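One-based numbering along the sequence shown. Remember, predicted model here, so these are calculated numbers, not experimental data.
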Amino acid sequence: MAMFVIVGGGLAGAKAAETLRAEGFDGDVVLFCEEQDRPYERPPLSKGYLLGKAERDSAFVHPAQWYEMERVDLRTGVEVTEIDPAAHTLRFQGSGESPGGYSGGIASYDKLLLTTGASPRRLDIPGGGLGGVLYLRRLEDSDRLREQFRGGARIVVVGAGWIGLETAAAARMAGCHVTVVEPQPGALYGALGPELGGVFAALHQAQGVEFRFGESAAEFHGDAAGHVGSVLTSAGDILPADAVVVGIGAIPNTGLASAAGLEVDNGIVTDAALRTSAPDVYAAGDVANSYHPLLGEHVRVEHWSNALNGGPAAARSMFGQDVTYDRVPYFYSDQYQLGMECSGLPSPGTYDQVVYRGDPSTLEFIAFWLSGGRVVAGMNVNVWDVTDDIQSLIRNARPVDPGRLGDPNVPLADV
Ligand SMILES: Cc1cc2nc3c(=O)[nH]c(=O)nc-3n(C[C@H](O)[C@H](O)[C@H](O)COP(=O)(O)OP(=O)(O)OC[C@H]3O[C@@H](n4cnc5c(N)ncnc54)[C@H](O)[C@@H]3O)c2cc1C
């Protein structure tokens with residue numbers, strides 16, 4: 001019987017296993033999960049779960065009994081340590097007997113999917129190891145943060161990216177004093193550019209968050225017990241801190257792949273069918289740097305919807321179907337009363353014009369990023385059910401009339 005192995009029990013891995021069964025794969029499916037928890041979704045960790053509004057159980061991708069029902073051999077707490085693509089085997093450490101007739105922590109595979117995700121980038125500065133200097137990737141990280149978010153606590157957030165801003169919102173909503181230190185000139189600068197980054201900065205400022213743009217954390221100073229007490233910024237200022245949250249990006253978990261000789265370049269390199277450079281090995285989710293036919297280049301997308309859809313696409317590819325993974329990149333965020341969805345990747349340098357449909361100061365609008373008159377990205381803020389229309393504009397890649405694009409009386413589908 002064929003053996004399909006998935007390494008990495010996040011959303012991409014769990015959805016790939018689900019798709020294999022849904023597509024009728026009847027062989028063995030093994031899902032290796034280095035974390036102790038079964039696969040869960042991470043967005044609630046900086047939103048509802050961190051705020052104490054969502055139950056832990058609501059984060060899990062599947063109920064516990066689903067794995068047995070679907071004959072998915074879920075190995076939690078088991079890390080895969082080595083892959084041998086020529087022999088089609090891998091080594092793992094942790095409990096459990098070897099699947100596929102091997103023993104001693106070795107498993108064989110016919111097809112292998114790597115969904116090993118990403119890990120937080122660490123801040124290597126003096127005091128970086130002090131207690132209360134926290135990162136956010138896992139359920140237990142979110143639990144730790146929540147313990148620190150007591151009313152009146154002073155929280156310094158390092159990094160004004162998505163994780164930093166969502167965490168800042170959660171801390172403010174818990175009644176903490178929040179300062180965000182960010183070396184770029186604005187919030188979400190690399191993700192959205194200065195125009196829309198400014199909208200998010202204003203939102204947080206209105207909620208009482210203090211920003212220190214153009215400054216970075218230089219040192220963390222601790223107390224006698226080894227707990228952080230303040231942050232020295234590059235401007236020489238001391239910011240008192242009961243806890244620090246570092247959100248300065250994530251690094252793809254490519255160690256296994258590069259040790260096995262797979263092509264790795266800012267992630268595991270794949271083609272549009274999510275095949276890696278090794279035969280019968282596929283990659284998806286945060287770890288994959290995949291060729292995107294629509295964008296005409298390789299992109300590594302660290303967003304929920306890419307794991308949700310990329311895992312299944314890789315599974316279909318493993319199953320022998322003709323797959324071209326070319327979805328428009330999509331992500332969402334919730335901060336205070338603002339909910340938004342963004343399609344495309346509007347980083348600085350990819351656009352030359354921003355067009356608004358609605359007034360950004362009302363926090364109910366759509367923003368479009370254009371390049372040469374063509375829509376390259378669009379974000380709907382507290383406006384819903386427009387994602388398909390926005391993505392059609394991006395896919396069509398035809399020049400549009402900015403006046404009609406910004407006119408709320410012209411249906412988006414007619415632009
Ligand atoms: C706090 C937080 C909030 C987020 N919010 C949003 C949001 O609002 N919107 C949005 O679009 N995106 C959001 N994201 C991003 C989104 O969660 C990720 O894109 C998604 O989790 C990627 O899924 P993945 O399955 O590719 O990888 P991961 O979720 O990273 O899962 C990979 C798993 O593989 C395991 N693993 C790694 N190596 C091995 C090994 N050798 N052996 C066994 N297991 C291994 C890891 O331990 C991990 O459990 C957020 C991320 C975080 C951290």
Side-chain angles (χ1 to χ4, degrees), residues 42-55 59 120 123 132-137 139-192 196-217 220 227-231 233 237-249 331-342 360-365 379 381-382:
R42 298 183 198 275
L45 275 46
S46 53
K47 307 179 188 65
Y49 183 70
L50 182 58
L51 288 163
K53 290 183 179 163
E55 293 298 321
L123 189 57
V133 176
L134 304 170
Y135 292 81
L136 179 55
R137 184 80 194 177
L139 268 169
E140 57 266 29
D141 298 330
S142 187
D143 291 336
R144 253 177 244 129
L145 252 60
R146 209 191 315 174
E147 280 167 25
Q148 301 294 331
F149 289 180
R150 291 180 294 266
R154 297 157 306 175
I155 307 293
V156 174
V157 177
V158 180
W162 294 113
I163 298 279
L165 290 196
E166 289 184 1
T167 308
R172 274 304 293 144
M173 287 162 88
C176 304
H177 303 286
V178 181
T179 307
V180 180
V181 181
E182 165 61 60
Q184 297 276 8
L188 296 168
Y189 192 83
L192 303 181
L196 270 296
V199 172
F200 280 84
L203 167 74
H204 280 265
Q205 279 158 338
Q207 298 286 340
V209 172
E210 185 193 339
F211 283 100
R212 290 184 160 247
F213 292 126
E215 281 181 57
S216 49
F220 299 132
H227 194 276
V228 72
S230 62
V231 178
T233 76
D237 291 337
I238 298 272
L239 309 175
D242 298 306
V244 172
V245 186
V246 181
I248 55 169
F331 64 100
Y332 68 92
S333 181
D334 298 318
Q335 297 169 34
Y336 312 104
Q337 73 277 31
L338 179 152
M340 75 83 179
E341 300 172 286
C342 186
S361 68
T362 63
L363 294 186
E364 202 177 305
F365 67 98
M379 174 191 286
V381 176
N382 290 337

Next on the checklist: Between V158 and F220, is the side chain to side chain contact (heavy atoms under 4.5 Å, CB included) condition met? List the steps.
Outcome noted: CA-CA 11 Å; V158 180; F220 299 132; 4.3 Å; yes
Next on the checklist: Show, in sequence, the C-alpha distance, side-chain angles and deciding distance for D237 and R212, and conclude whether the salt bridge (Lys or Arg N to Asp or Glu O under 4.0 Å) test is met.
Outcome noted: CA-CA 10 Å; D237 291 337; R212 290 184 160 247; 2.7 Å; yes
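- Salt bridge K47/D334: absent, no basic N to carboxylate O contact under 4.0 Å.
- Side chain of R154 to main chain of C176: no donor-acceptor pair is present (N/O by atom type, distance under 3.5 Å, no hydrogens or angles).
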Next on the checklist: As a quick check of understanding, evaluate side chain to side chain contact (heavy atoms under 4.5 Å, CB included) for M173 and L51, giving each step before the final call.
Outcome noted: CA-CA 8 Å; M173 287 162 88; L51 288 163; 3.9 Å; yes
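- Within the model, atoms CD of Q205 and CZ of F200 stand 13.5 Å from one another, a figure rounded to the nearest 0.5 Å.
- A donor-acceptor pair under 3.5 Å links the side-chain atoms of E182 to the main chain of A160, judged by distance alone.
- Contact check for V178 versus F211: no side-chain heavy atoms found under the 4.5 Å cut-off.
- Panel note: side chain R137, backbone D141; no donor-acceptor pair is recorded below 3.5 Å.
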Item to check | E210/V180 under side chain to side chain contact (heavy atoms under 4.5 Å, CB included): CA gap, chis, key distance, verdict | outcome: CA-CA 6 Å; E210 185 193 339; V180 180; over 6 Å; no
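- Note: S46 OG to L136 CG = 6.0 Å, rounded to the nearest 0.5 Å.
- Side chain to side chain, H204 and Q335 meet the donor-acceptor criterion of an N or O pair below 3.5 Å.
- Note that R146 lies in the cation-pi zone of Y49, set by a 6.0 Å cut-off to the ring centre and a 45° limit from the axis.
- Under the 3.5 Å distance criterion, the side-chain polar atoms of S230 are left unmatched by any main-chain donor or acceptor of P240.
- N382 places a side-chain N or O within donor-acceptor distance of the main-chain N or O of G339, the cut-off being under 3.5 Å.
- Nearest heavy atoms, P43 versus Y332: CB-OH, 3.1 Å.
- Between L145 and T167 the shortest heavy-atom distance is CD2-CG2, 3.7 Å.
- For E55, the CD atom counts as loosely surrounded, since its 6.0 Å shell holds 12 or fewer non-hydrogen atoms of other residues, nucleotides or ligands.
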